[in-house]
Amino acid sequence: MSAWLAKLNETFIASGYYTLMLEGFKNTMIITLGALAISIVLGSVIATVKYLGDDIPAMKPVVKILDAYVNVIRGIPVVVLLLVFYYIIMKSAEGIVVGVITFGINSSAYMAELIRSGIGAVDKGQMEAGRSLGMSRLQCTKKIIFPQAVRYILPAIGNELIALLKETSVAGYVAVVDITRAGNLVRNNTYDAVNPLLLVALVYLVLVFGLSALLKLMERRLAKNDKR
């Protein structure tokens, strides 16, 4: 045990590489939360337009374009998409900015379908009731449908956040020092092939377990609110 602790001290503390691990953790959280914000906003817009466009002929072309967007983004591996943005679309941007935008766009395609399914889970009679009161479809969606759909959407957003967090482990492909790349750099420089990688795995595991626990807590609260 003492030998292992001595090795940990040598690998992270004495060498000063703990600061690199902290920087990697910070960048991982920045990319994850930034991408989540983009995906929620963009996904909500796409889902709403597709939902409203089902009954509005003039919006059919827009819906088809959005369908193509979702299919293309979901059909490209996130690593390839990341490289395309870094080397072709955003060549002059910093890696962390590219990471936030790329992961946000990638996640938005999945988020759009999650949100649209949540909206579709609301009883269609709610829209008819709102329309009978003189509200437009957009007003009904904003004030009646969407608030009710939240209880279906939140758990799905939580699962997407967990998936997004793990996907950011490939951010190192575009010179971003995320927690995974930081672990690899420490491993390469200290020749300790075990502890840096185990620490990276532990960080992801703790984050995922923490998010899962938070997600279950939210689901229980939503269930209690539904019973009232």
Side-chain angles (χ1 to χ4, degrees), residues 27-54 56 59-122 137-138 141-142 145-174 176 178-180 204 207-208 211-212 214-215 218-219:
N27 289 338
T28 291
M29 298 310 298
I30 289 173
I31 293 173
T32 302
L33 297 178
L36 180 67
I38 291 174
S39 69
I40 290 176
V41 172
L42 192 55
S44 297
V45 172
I46 294 171
T48 301
V49 172
K50 291 178 69 174
Y51 174 73
L52 295 175
D54 287 340
I56 303 176
M59 293 182 64
K60 293 295 183 181
V62 178
V63 172
K64 289 184 178 180
I65 292 173
L66 293 178
D67 282 335
Y69 166 85
V70 170
N71 290 331
V72 168
I73 296 300
R74 292 174 69 178
I76 300 176
V78 67
V79 175
V80 176
L81 193 66
L82 189 64
L83 295 174
V84 167
F85 269 81
Y86 186 70
Y87 289 108
I88 301 175
I89 299 176
M90 301 176 65
K91 291 189 290 185
S92 60
E94 294 183 6
I96 195 166
V97 175
V98 175
V100 169
I101 293 175
T102 303
F103 287 111
I105 289 175
N106 180 73
S107 181
S108 71
Y110 297 91
M111 192 69 72
E113 294 304 303
L114 293 175
I115 294 174
R116 192 166 77 123
S117 64
I119 292 175
V122 178
R137 285 182 59 83
L138 182 59
T141 302
K142 180 181 178 181
I145 305 299
F146 205 80
Q148 295 184 66
V150 168
R151 68 177 184 271
Y152 303 112
I153 296 171
L154 279 180
I157 290 178
N159 291 328
E160 178 61 22
L161 172 58
I162 291 173
L164 179 60
L165 170 66
K166 292 188 288 185
E167 285 176 353
T168 60
S169 61
V170 300
Y173 276 87
V174 292
V176 174
D178 68 312
I179 187 66
T180 302
Y204 279 114
L207 288 174
V208 169
L211 290 172
S212 298
L214 182 61
L215 180 59
M218 292 171 59
E219 289 176 349

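Position 1 is the first residue of the sequence; numbering continues from there. Just so you know, these numbers come straight off a predicted model, no measurement behind them.
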Discussion item. Would you compute the distance between atom CG of L154 and atom CG of L215 and round it to the nearest 0.5 angstrom?
Written reply: 9.0 Å
Worksheet item: Is it true that atom OH of Y173 has more than 12 heavy atoms of other residues, nucleotides or ligands lying nearer than 6.0 Å?
Response: no
Item to complete: Over all heavy atoms of both residues, which pair between L82 and V98 is shortest? Give the atoms and the distance, please.
Response: O-CG1, 4.2 Å
Worksheet entry | Nearest-0.5 Å distance that lies between atom CD1 in I89 and atom CD1 in I101 | 10.0 Å
Discussion item. Within the 4.5 Å heavy-atom criterion, are L114 and I153 side-chain neighbours or not?
Written reply: no
Worksheet item: Which atom names give the shortest non-hydrogen contact between I31 and A171, and what distance separates them?
Response: CD1-CB, 4.0 Å
Practice prompt. Please lay out, stage by stage, how T102 and Y86 fare under the test side-chain hydrogen bond (donor to acceptor under 3.5 Å, both in side chains).
Written response: CA-CA 9 Å; T102 303; Y86 186 70; over 6 Å; no
Practice prompt. Give a yes or no on whether the backbone of L36 and the side-chain of S39 come within a donor-acceptor separation of less than 3.5 Å.
Written response: yes
Fill in: For V49, all residues meeting side-chain contact (heavy atoms from CB on, under 4.5 Å), sequence neighbours excluded
V45, M59, V62, L66
Discussion item. A side-chain contact here means heavy atoms from C-beta on lying under 4.5 Å apart; do F85 and V97 qualify?
Written reply: no
Worksheet item: Would you say S108 and I73 make side-chain contact, with heavy atoms under 4.5 Å?
Response: no
Discussion item. Show the nearest heavy-atom pair for residues G34 and V100, with the distance to one decimal.
Written reply: C-CG1, 3.7 Å
Discussion item. For a quick test of reading the model, state the closest non-hydrogen atom pair linking D178 to G172 and the distance between them.
Written reply: OD1-N, 3.7 Å
Discussion item. With side chain to side chain contact (heavy atoms under 4.5 Å, CB included) as the criterion, how do L207 and M29 come out once you've worked through the C-alpha distance, each side chain's angles and the decisive distance to 0.1 Å?
Written reply: CA-CA 10 Å; L207 288 174; M29 298 310 298; 4.1 Å; yes
Worksheet entry | Of all pairs that satisfy side chain to side chain donor-acceptor pair (under 3.5 Å), the ones with a partner from residues 110-121, not counting sequence neighbours | K50-E113
Item to complete: To the nearest 0.5 Å, tell me how far T168 OG1 sits from I30 CD1.
Response: 11.5 Å
Worksheet item: Given L165 and T28, is the side chain to side chain contact (heavy atoms under 4.5 Å, CB included) satisfied, shown in steps?
Response: CA-CA 8 Å; L165 170 66; T28 291; 3.9 Å; yes
Worksheet entry | Spacing of I179 atom CD1 and Y204 atom OH [to the nearest 0.5 Å] | 7.0 Å
Item to complete: Using a 4.5 Å cut-off on heavy atoms from C-beta on, say whether the side chain of F103 contacts that of V170.
Response: yes
Worksheet, complete the sentence: Here the pair of heavy atoms bringing L164 nearest to A35 is CD2-CB, 3.8 Å
Worksheet item: Side chains of N106 and I76: closer than 4.5 Å at any heavy-atom pair?
Response: no
Discussion item. Take a 6.0 Å sphere around NZ of K60 and say whether it holds more than 12 heavy atoms from other residues, nucleotides or ligands.
Written reply: yes
